[in-house]
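Order of the sequence lines sets the chain letters (A, B, ...), proteins ahead of strands, with each chain counted from 1.
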2 protein chains.
Amino acid sequence: MMTALGDPTRREIFERLSARPSPVGELAASLPVSRPAVSQHLRVLRDVGLVRDEPAGTRRIYSVDHAGLAVLRTYLDQFWSRSLTAFAAHAQREETEDDANSD
Amino acid sequence: MMTALGDPTRREIFERLSARPSPVGELAASLPVSRPAVSQHLRVLRDVGLVRDEPAGTRRIYSVDHAGLAVLRTYLDQFWSRSLTAFAAHAQREETEDDANSD
DNA sequence: GCTCTAGGTTAGTGATAACTTACCGTTAGC
DNA sequence: GCTAACGGTAAGTTATCACTAACCTAGAGC
């Protein structure tokens, strides 16, 4: 999922979809890559649950999947809380060492 | 920054650092890649502001940079709010179209 | 001061993946 | 029913990048 957003083009696509759901052709027209390339990127994004697609006549409207975005946010928050905990533990240890030095 | 976390090995390193600040050797010992590879990954992470390093004798202790993590969270939240706005606009449009159909 | 440890750097290599071209399926409109 | 538009798929190519091996630098301890 993070790997999916690692690619700049894919991030750009995801960014545009977050602003407005769009069909494939519209995305490809405003991007420096071909339409098949966009299709492949969308497939990757869909496979990891970051976007959804909905048929609309002969077109498919892609939009960001809020559930996937929530997973991503939760994933990041884990880093956040864990690093804070580690930092607190580090501070605690520093303090203990200071106590040891003070005698 | 997102590109930096796109690589699985780099994510693994970042994950371990979020649990506990560590020197390079310790990271390399518990990873399936060589020490220079870890050094290169750490350089990338440091350049985008996701980790900090602090000299400790002959070693360097790496730890996650909370500022960088905050930037990342803000970046994700933009997607979140924007997609919600787009979704609301979509719903509004649907409703308007329903109104148009109802007469 | 010499050695040993820890780690950053460079050059070269191999594998991954993003991209294009060509092709095929599907739906809407005449 | 035929045609055109939209889009997904496959094969092939190229470029990026992660990795290793070799080398160099700096601090610590005897």
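Residue A:R43 contributes atom CZ, which lies 18 Å from atom C1' of D:dC6 at whole-angstrom precision. For the pair B:D47 CG and D:dC17 P, the computed distance is 14 Å after rounding to whole Å. Between the C1' atom of D:dT20 and the CG atom of B:L31 lies a distance of 15 Å, rounded to the nearest Å. Distance B:E54 CD to C:dG8 P: 14 Å, rounded to the nearest Å. We find that NE2 of A:H41 is positioned 13 Å from P of D:dG8, with the value rounded to whole Å. With rounding to whole Å, A:L42 atom CG is found 14 Å from D:dT9 atom C1'. Atom-to-atom, CG of B:D7 to P of D:dT16 comes out at 17 Å; the value is rounded to the nearest Å. Computed from coordinates, the A:R10 CZ to C:dA17 C1' distance equals 9 Å when rounded to whole Å.
Residue-to-nucleotide proximity on DNA chain D shows that, of A:I61 and B:A56, the 5′-proximal contact is made by A:I61. Nearer to the 5' terminus of DNA chain C, by closest-nucleotide assignment, is the contact made by B:R59 (compared with the other of B:R59 and B:P36). Nearer the 5' end of DNA chain C, as judged by each residue's closest nucleotide, is the contact made by B:T58, out of B:T58 and A:T58.
Judged by distance alone, the side chains of B:S63 and B:R20 never bring a donor and an acceptor atom under 3.5 Å apart.
Within the 4.5 Å cutoff, side-chain heavy atoms of A:L27 are placed close to those of A:L42. Looking only at side-chain heavy atoms (C-beta outward), A:I61 and A:S22 stay at 4.5 Å or farther from each other. At least one side-chain heavy atom of A:L31 sits less than 4.5 Å from a side-chain heavy atom of A:R16.
Side-chain N/O atoms of B:R35 and base N/O atoms of C:dG8 include a donor-acceptor pair closer than 3.5 Å.
Within the 4.0 angstrom heavy-atom criterion, no nucleotide atom of any strand lies near B:P55. Within the 4.0 angstrom heavy-atom criterion, no nucleotide atom of any strand lies near A:R46.
Remark: A:T9 is not in phosphate contact with C:dA18, judged by side-chain N or O atoms under 4.0 Å from OP1 or OP2. A sub-4.0 Å separation between OP1 or OP2 of D:dA26 and a side-chain N or O of B:R60 is absent. Residue B:S34 has no polar side-chain atom (N or O) positioned under 4.0 Å from OP1 or OP2 of D:dA21. When the side-chain nitrogen and oxygen atoms of A:Y62 are compared with OP1 and OP2 of D:dG8, one or more of them lie within a distance under 4.0 Å. Between B:S39 and C:dG8, a side-chain N or O to OP1/OP2 separation shorter than 4.0 Å is present.
Checked by atom type and distance alone, the side chain of A:D7 pairs as donor or acceptor with a backbone atom of A:R10 at under 3.5 Å.
The side chain of A:V24 has D:dG8 as its nearest neighbour among D:dG8, C:dC19, C:dG8.
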